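Quantities reported herein were computed from a predicted structural model and do not represent experimental measurements. Just so it is clear: chains get the letters A, B, ... in the order the sequence lines come, proteins before strands, and each one is counted from 1.
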Amino acid sequence: MTVVTPQEAPVADVPKSSGTRLVDRVFKMRELAILVVFLVMIGITQAGNSEFLSEQGIKDLLLNATILVLVATGQSLVVITRNVDLSVGSTLGISAFAAGTYLQGGGNPVVAIALAVLLGIGFGLLNGLLVSLGQVPALVVTLGTLYIIRGIDSIWVGSRQITAADLPGGFVDFGSGGISAVPYLALIALAVLVATAYYLKHFGSGRELYALGSNPEAARLAGIPVRKRILAAYTFCGALAGLAGAMYLARFGNVDSGTGNGYELTVVSAVVVGGVVFTGGSGSVYGAALGALLLTSINSVLPALGVSSVWVLAINGILLILAIAVDRIVALRVASALKKRNARHG
Amino acid sequence: MADISLSRAVRRSALKRWDSAVGALLIVVLLFSFGFVDGFGNALNLSFLIGNTLPIALIALPMTLLVVSGEIDLSVASTAGLSGAVMGALWNQGMAIETIIPICLLLGVVCGLINGLLVTKLGLPSLAVTIGTLAAYRGIAQIVLGSDAVTDFPTQYLDFAAGRIGDTFIPYAFLPFLVLLAIAVVALHATPFGRSLFAIGASEEAARFAGIRVKRQKLILFTLTGLMASLTGIFWALHYASARYDNATGLELSVVAAVLLGGIDFDGGKGTLGGAIAGVFLLGALQNVMSLQDVSAQSQIVVTGVLLVLSVLGPRVVRQISTARAGRRAASTPTS
Amino acid sequence: MTHPSTTGPAPVLALKDVSKSFGAVRALRDVSLELFPGEVHALAGENGAGKSTLIKTLAGVHRPDAGQVLLDGAPVTFHGPGDARDAGIAVIYQEPTLFPDLSIAENIYMGRQPRRALGRIDHKATHNATAALMKRLGVELDPDRPARGLSIADQQIVEIAKALSFDARVLIMDEPTAALTGSEVARLFGVVRTLREQGAAVLFISHRLEEIFEICRRVTTLRDGAWIASEPLEGMTEDDLVRRMVGRDLDELYPKQEVEPGEVALSVRRLTREGVFTDVSFDVRHGEIVGLAGLVGAGRTEVARAVFGIDRWDAGEVTVHGKALVNGAPSTAMAAGLALVPEDRRAQGLVMDMSIERNIGLTGLRTTVKAGLMDRGAERSRSLDWAVKLQVKYARIADTVNTLSGGNQQKVVLAKWLATGPKVLIVDEPTRGIDVGTKAEVHRLLSQLAADGVAVLMISSDLPEILGMADRVLVMHEGRLTAEIPRSDATEETVMAAATGRAAA
Amino acid sequence: GGGTTKKDVANEGGSAATAGKADPNAELKKGLTVGFLPKQVNNPYFTSADKGGEKALTELGSKYKEVGPSSATDTAGQVSYVNTLTQQQVDAMAVSAQDPGALCTALKQAMKNGIKVVTYDSDTTADCRNAFVSQASAEDLGRTEVQLLAKQIDYKGEIAILSAAQTATNQNTWIDFMKDELKKPEYKNMKLVKVAYGNDDAQQSFQQTQGLLQEYPNLKGIISPTTVGIKAAAQYLSGSKYKGKVKLTGLGTPNDMRKYVKNGTVEAFELWDPAKLGELAARTAVALASGQITGKEGETFKAGSMGEYTIGKDGVISLGKPTVFDAKNIDQFNF
Ligand SMILES: Nc1ncnc2c1ncn2[C@@H]1O[C@H](COP(=O)(O)OP(=O)(O)OP(=O)(O)O)[C@@H](O)[C@H]1O
Ligand SMILES: Nc1ncnc2c1ncn2[C@@H]1O[C@H](COP(=O)(O)OP(=O)(O)OP(=O)(O)O)[C@@H](O)[C@H]1O
Ligand SMILES: [Mg+2]
Ligand SMILES: [Mg+2]
């Protein structure tokens with residue numbers, strides 16, 4: 001429950017005008033909606049099962065969300081620029097295996113993580129170059145690289161697998177350990193998230209990502225280096241997918257050629273539920289992170305409530321639609337309020 | 001003036017070229033395989049090829065229309081699975097198959113309608129909605145049929161879905177597909193309905209201002225997609241003689257990949273059905289050939305990926321070259 | 001304050017023998033132009049003459065095929081709009097280029113926000129600077145509201161604010177006033193004069209010739225991509241300028257035909273849309289042109305949208321020939337003989353990626369049909385007919401409309417709706433961005449349509465156009481109809497009085 | 001009204017599986033090609049099994065090949081691989097069926113073309129193949145897993161099952177036998193509280209385990225009759241406070257489970273040797289192709305060093321009892 005309130009920049013000393021940061025407030029309202037859905041869900045579950053929010057329960061909840069939060073953060077950046085990266089699942093899988101292979105020989109965990117991130121950066125660059133230089137639809141290109149990377153992964157990995165026994169004990173313990181109820185992995189994810197959000201809001205190049213997603217033609221006319229920014233977004237997304245791969249390895253202690261298969265849909269769901277709009281230009285990484293938290297928590301809530309796993313999939317889908325619908329309704333409300341407040345002569 | 005139209009024509013044909021290129025590529029692959037791949041050219045193999053590709057082709061029909069109008073339905077495979085599951089469950093109840101099939105088709109219509117209403121009435125993005133219903137419909141299928149696998153459908157139906165006409169390469173089911181294909185081609189490319197889909201896909205707002213009933217058209221499309229998906233689900237269960245809740249899992253990605261390969265632009269407003277269907281059968285044929293040549297499944301995945309990337313890079317390169325050429329020609333044309 | 005036009009200081013920015021082609025279309029042919037510090041220079045020409053292309057060449061959007069761009073007398077190559085901006089050139093493009101999801105303040109300062117330590121953006125300073133700009137332009141736009149949903153006029157104002165914020169040496173404006181009414185234009189000119197006095201060079205495009213004469217000192221005329229003349233405006237008349245542009249004498253700009261109004265065609269009763277307009281009632285008769293005037297944001301467009309069914313109304317009634325229209329259904333409005341030429345041609349009027357033929361054909365999907373299938377022959381001849389009638393300048397009817405110049409795009413929108421043979425025609429800013437020659441043509445057309453019995457409701461921010469064309473003028477102020485003025489009484493004063501709410505009628 | 005219903009079909013009667021005469025003394029042919037078609041290539045379990053098949057085939061002087069889909073739920077892909085093998089005119093194929101019915105048409109087509117079909121690990125309906133090589137009798141597996149867990153928890157307390165997919169035929173049969181075993185009096189203090197499904201996905205199995213423990217705080221033991229499930233459950237338990245307190249057993253491979261046995265998360269689990277399963281499948285295929293057997297009940301054949309096997313009811317050949325792995329013996333195995 002760490003991923004909740006975006007920090008305000010320390011500008012409290014300056015008095016704010018009446019309409020201060022209205023755009024931000026819209027985002028926050030939408031995040032709030034997801035947060036409310038999430039809290040209600042957790043509340044109900046806790047009422048039905050008092051074990052749910054035990055120390056172990058909270059730790060599990062956070063651990064489950066961690067990897068998805070990371071990948072969703074990277075994905076949001078790409079989606080904000082009106083693109084998409086479907087290859088994240090494949091990238092996650094291959095970098096997890098690379099890190100695992102390195103660690104098998106008893107390597108240094110830090111180097112292993114760096115290796116995973118570097119591999120992610122490599123694939124991110126590939127995607128970014130194809131999309132930005134080729135100026136071709138991201139959906140097709142990254143669906144293509146999804147297949148390519150997955151194919152390469154399974155040719156390379158074959159039927160090998162890395163199991164917890166192959167990894168240094170410290171690495172695996174790190175994956176499940178933490179400070180009381182807060183796992184180390186969640187702390188890393190949180191740090192990445194907060195840094196990314198701060199960057200997006202307070203740095204020129206971060207704002208330019210929103211600008212070029214909002215109107216690419218106008219971005220070009222405004223002299224924004226469109227290709228460079230898109231390339232950077234993809235690279236960052238790849239890097240986080242790689243980092244997530246290393247964390248996956250630490251957490252599950254188990255990687256094979258199937259790792260990360262089908263993950264793209266989960267990531268896209270998290271981002272969409274989190275209110276990052278697919279036509280670009282709007283949404284926040286906090287929203288995406290909340291979306292990820294919400295989605296993974298659904299999978300913990302239902303078993304904890306004793307719902308038969310036969311029902312899980314159906315309920316999952318319906319909740320997903322509900323979350324989007326609630327978000328949409330809130331957004332509409334906000335928009336109409338905005339319109340009334342800002343009518344020029346009203 | 002003649003010169004102007006010539007160079008414009010070059011540019012236009014470059015834009016349109018990709019779907020013809022896919023068609024040409026398909027023919028090349030077929031010719032090559034007839035000549036050089038053992039076991040490809042015989043009627044049995046070809047009927048296998050067509051039969052196994054049919055589910056993707058069936059769903060690709062409405063999917064193309066949907067994508068042209070700027071929307072997408074990722075729940076198709078789940079709708080197909082749900083229809084199969086309901087078919088199996090009702091069959092187990094002892095209901096007649098002739099009653100079950102219309103019920104399942106109706107169910108598909110309802111599934112599509114739900115997607116359509118969520119998109120048009122609530123204004124939700126179809127990508128998100130159908131990721132949701134992808135899970136929901138599959139989940140309902142699981143609730144309906146549980147762990148059962150129903151296999152004992154009547155032989156005449158199984159034979160129709162899996163058999164072929166005499167010793168030819170044509171599966172029985174291919175004929176109805178051709179009829180549906182013809183209907184879809186006419187609907188998309190020769191009717192006001194199809195024309196309005198292109199307009200909606202290219203600019204929804206402008207289409208609305210032109211008096212096109214955007215929401216209604218989209219609702220119709222989603223409903224049709226649901227119907228076709230359930231038809232595919234029924235076909236699948238009969239073709240493979242197996243109704244399980246997880247039938248056709250992941251088929252949506254195959255459809256999307258094939259349609260993309262056929263040059264349909266996911267931003268909407270562009271593409272031809274011919275291209276989409278060529279894309280579907282190109283992927284099907286390639287997979288068949290590669291399997292016969294003992295190319296491993298993993299390498300086949302890589303080939304699919306490379307094809308997809310080329311499918312978007314290719315036309316772009318062609319376009320650039322041809323505009324450059326047109327530009328050079330124009331520069332050397334003296335104007336009065 | 002005055003510089004001789006050919007001697008004295010070097011031009012700050014110049015084009016020398018520049019040519020630019022798009023495929024086979026030669027948009028600019030050996031064009032030269034010199035911009036001096038402290039002058040406001042007009043660029044005149046018909047639609048499609050190459051004005052916007054020239055501007056984009058100066059701004060680094062297009063690279064010239066031949067010829068040079070000279071900055072302070074030295075040849076430069078701009079690799080992109082960023083380079084031109086860094087050289088001190090600010091541009092307002094013909095079509096607003098805003099980021100709909102970002103706030104107005106961010107729109108204005110994107111890429112060059114004031115910074116705090118460590119390169120972080122100073123949001124507060126950005127806000128304040130924007131507020132100051134808005135004050136300078138005399139508009140009340142909240143710097144923090146998103147640009148989405150701004151009317152075309154407001155978007156244009158944001159564009160102007162953006163250009164001003166550069167404190168540029170060269171300010172280039174491509175039809176900045178096309179969507180503005182008198183008072184905003186006056187404000188803008190006030191600001192331009194200040195800039196001129198500070199030594200900036202301004203290049204100004206407008207199809208409103210009186211504006212050119214009001215603010216500019218010299219004019220360069222283009223025709224069909226070719227340079228015709230660069231000369232002082234002093235001593236020239238509007239007719240002279242028009243002759244340069246079109247190569248012949250111009251007909252009457254407002255060829256109003258007197259028609260005896262017939263039956264009531266469109267009747268709007270107590271129409272209300274919560275928070276947008278209230279209790280709007282009026283009639284339009286066959287053969288009549290009714291003008292709808294008002295300040296920017298008065299709600300005229302909203303009324304038109306609601307009548308046509310794009311937006312739903314909350315209360316009231318719209319009838320055509322006594323038959324009530326369905327709320328929120330453009331298709332039934334069309335079936336009843338209504339047509340709406342919307343104000344935003346790019347977003348609402350046209351499908352930019354579609355051909356001219358198909359765009360015009362879009363309103364005929366019900367009529368150019370044989371046995372349920374599209375009758376392509378009929379569609380083509382219908383489109384060709386109207387494209388020719390409205391003198392759309394194009395290479396091939398199958399070209400996409402985004403290759404057309406702004407004015408020609410507007411003509412395609414008109415063609416698309418006139419082709420439906422409407423009984424009631426609502427036109428929202430019908431001549432926005434249309435050159436004088438064509439404007440006269442459009443006016444003649446509207447007049448002819450009225451004479452043929454069509455009921456015309458004309459929304460325009462161009463007051464002379466309203467006064468010249470309308471049989472009756474309705475005036476809106478803050479979402480209410482404040483006056484109905486017959487042609488005989490309609491003057492700038494009476495209309496403006498009602499529009500600003502100073503007088504109730 | 002009219003129409004075709006399930007009853008009509010039942011009356012049609014099953015189609016007869018054609019079978020020639022077996023010649024127990026027939027020479028084992030050499031130079032045959034046997035295609036292995038696992039549920040999923042790149043799956044370590046199937047790779048071990050198919051390696052066993054390859055070894056046997058090399059020994060027998062025949063050719064081995066492996067084809068298969070890269071996803072365990074891509075039934076259509078598996079069908080097209082059956083077709084591919086048919087087109088390539090292999091002499092026999094060994095198939096682990098993703099779906100009992102879906103492969104039938106294609107497999108019958110193959111048999112019509114003279115190809116012998118052996119299923120292994122996962123069966124199809126009996127008339128779609130010549131023989132099925134079963135990893136162990138379902139009954140043995142089901143009952144021994146309950147016995148293993150019972151010993152670890154002193155025949156007392158709540159237990160749960162973490163299975164693969166709800167449709168997994170194998171798992172379901174085993175679970176039925178587990179339930180039956182639990183009816184015996186010695187288990188009167190044990191209660192099966194839930195069967196959860198992790199869909200053979202590491203993350204889902206992980207979360208299902210979490211859910212079980214939260215829902216049933218008094219849970220004493222978990223049986224996971226799937227290699228993916230037991231591994232995920234073990235990984236979760238070993239990183240949680242339940243490590244050592246909640247017992248875990250089921251089917252796992254020694255390589256997967258070594259770490260958890262050594263760190264005390266898991267006491268004992270069981271499995272057959274997949275390589276042996278593949279080997280038997282290969283030998284059965286060759287015996288079929290050589291005409292030594294036809295797949296009828298009662299026929300016997302010699303499977304090289306593995307000894308003699310008799311074909312049981314419905315053409316099922318059973319590999320034998322599973323091996324139990326614990327801290328003492330686990331290091332002797334490497335698969
Ligand atoms: N991107 C483009 N591709 C092809 N042709 C173009 C393109 N841009 C402009 N043109 C063509 O170049 C010519 C000049 O267009 P331009 O936009 O410069 O005219 P303009 O003088 O600004 O007209 P208006 O007053 O209508 O805005 C026109 O014939 C137009 O069709
Ligand atoms: N699509 C929209 N979404 C939200 N608000 C809008 C939209 N269009 C217009 N508005 C707002 O509604 C108010 C009135 O609309 P509008 O400015 O179009 O009226 P108008 O009288 O037609 O003015 P003009 O045509 O001169 O721009 C304005 O404050 C405008 O900002
Ligand atoms: Mg222009
Ligand atoms: Mg307006």
Side-chain angles (χ1 to χ4, degrees), chain A residues 84 86-87 90 126 130-131 133-158 257 261-262 264-266 268-269 271-273 277-279 308-325 327-329 331-332, chain B residues 72 74-75 78 114-115 118 122-144 146-147 245 249-250 252-253 256-257 259-261 263-267 296-317 320:
Chain A
V84 68
L86 292 181
S87 71
S90 305
L126 173 71
L130 284 172
V131 172
L133 290 186
Q135 291 188 318
V136 289
L139 193 77
V140 195
V141 168
T142 57
L143 185 62
T145 49
L146 175 158
Y147 284 126
I148 295 174
I149 300 171
R150 184 189 295 172
I152 293 174
D153 187 30
S154 45
I155 291 170
W156 174 46
V157 175
S257 66
N261 269 7
E264 56 283 345
L265 275 194
T266 316
V268 168
S269 310
V271 167
V272 168
V273 168
V277 185
F278 253 76
T279 43
S308 157
S309 47
V310 176
W311 294 81
V312 167
L313 194 57
I315 295 178
N316 225 323
I318 291 167
L319 281 179
L320 181 59
I321 294 169
L322 270 182
I324 313 164
D327 175 55
R328 167 79 184 168
I329 290 162
L332 283 181
Chain B
I72 192 170
L74 291 179
S75 73
S78 296
I114 291 174
N115 285 334
L118 284 169
L122 276 183
L124 301 177
S126 57
L127 187 78
V129 164
T130 57
I131 287 180
T133 50
L134 176 149
Y137 295 159
R138 184 67 71 186
I140 296 170
Q142 194 179 3
I143 295 168
V144 168
S147 58
Y245 86 82
T249 300
E252 68 279 346
L253 264 198
V256 167
V259 167
L260 286 176
L261 184 61
I264 310 295
D265 187 340
F266 263 64
D267 288 341
S296 72
Q298 300 94 298
S299 311
Q300 294 190 17
I301 295 177
V302 177
V303 171
T304 309
V306 170
L307 260 181
L308 271 174
V309 172
L310 287 184
S311 80
V312 284
L313 281 182
R316 184 168 165 76
V317 171
Q320 253 166 2

Using atom types as modelled and distance alone, determine if a side-chain donor or acceptor of Ser296(B) lies under 3.5 Å from a backbone N or O of Ser299(B).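 Side chain of Ser296(B) to backbone of Ser299(B): a pair is present.
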When you measure from the side chain of Ser257(A) to the backbone N and O of Ser154(A), does any donor-acceptor pair fall under 3.5 Å?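 No, because the side chain of Ser257(A) does not come within donor-acceptor range (under 3.5 Å) of the backbone of Ser154(A).
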Val272(A), Val140(A), Val277(A), Ile315(A): which one forms the most heavy-atom pairs within less than 4.5 Å of chain B?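 Top count of heavy-atom pairs under 4.5 Å with chain B: Val140(A).
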In terms of heavy-atom proximity below 4.5 Å to chain A, should [X] be classed as side chain, backbone, both, or neither?
{"X": "Val129(B)", "answer": "backbone"}
{"X": "Leu261(B)", "answer": "neither"}
{"X": "Leu253(B)", "answer": "both"}
{"X": "Ser311(B)", "answer": "side chain"}
{"X": "Ile143(B)", "answer": "both"}

For Leu320(A), which atoms come within 4.5 Å of any heavy atom of chain B: side chain, backbone, both, or neither?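 Looking at Leu320(A), just its side chain touches chain B.
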Using a cut-off of under 4.5 Å on heavy-atom pairs, state which of [options] scores highest against chain A.
{"options": "Ile140(B), Thr304(B), Leu307(B), Leu313(B)", "answer": "Leu313(B)"}
{"options": "Ile131(B), Val303(B), Val256(B), Val309(B)", "answer": "Ile131(B)"}
{"options": "Leu310(B), Val306(B), Ile301(B)", "answer": "Ile301(B)"}
{"options": "Leu124(B), Asp265(B), Leu134(B)", "answer": "Leu124(B)"}

Let me see the working for Thr133(B) and Asn115(B) under side-chain hydrogen bond (donor to acceptor under 3.5 Å, both in side chains), right down to the final yes or no. CA-CA 7 Å; Thr133(B) 50; Asn115(B) 285 334; 2.8 Å; yes
Does atom CH2 of Trp311(A) have more than 12 heavy-atom neighbours, drawn from other residues, nucleotides or ligands, at distances under 6.0 Å?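 Counting other residues, nucleotides and ligands, CH2 of Trp311(A) stays at 12 neighbours or fewer.
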Between Ser78(B) and Ser75(B), do the side chains contain an N or O donor and an N or O acceptor separated by less than 3.5 Å?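 On atom types as modelled, these side chains do not qualify, holding no pair under 3.5 Å.
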What residues, two or more places apart in sequence or in another chain, satisfy side chain to side chain contact (heavy atoms under 4.5 Å, CB included) together with Ile114(B)?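 Partners of Ile114(B) under the side chain to side chain contact (heavy atoms under 4.5 Å, CB included) test: Val110(B), Leu118(B), Tyr137(B).
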What residues, two or more places apart in sequence or in another chain, satisfy side chain to side chain contact (heavy atoms under 4.5 Å, CB included) together with Leu313(A)?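 By the side chain to side chain contact (heavy atoms under 4.5 Å, CB included) rule, Leu313(A) matches Ala135(B), Arg138(B), Gln142(B).
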Nearest heavy-atom neighbours spanning Glu264(A) and Leu86(A):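 Looking at all heavy atoms of both residues, the shortest contact is CB-O, 3.3 Å.
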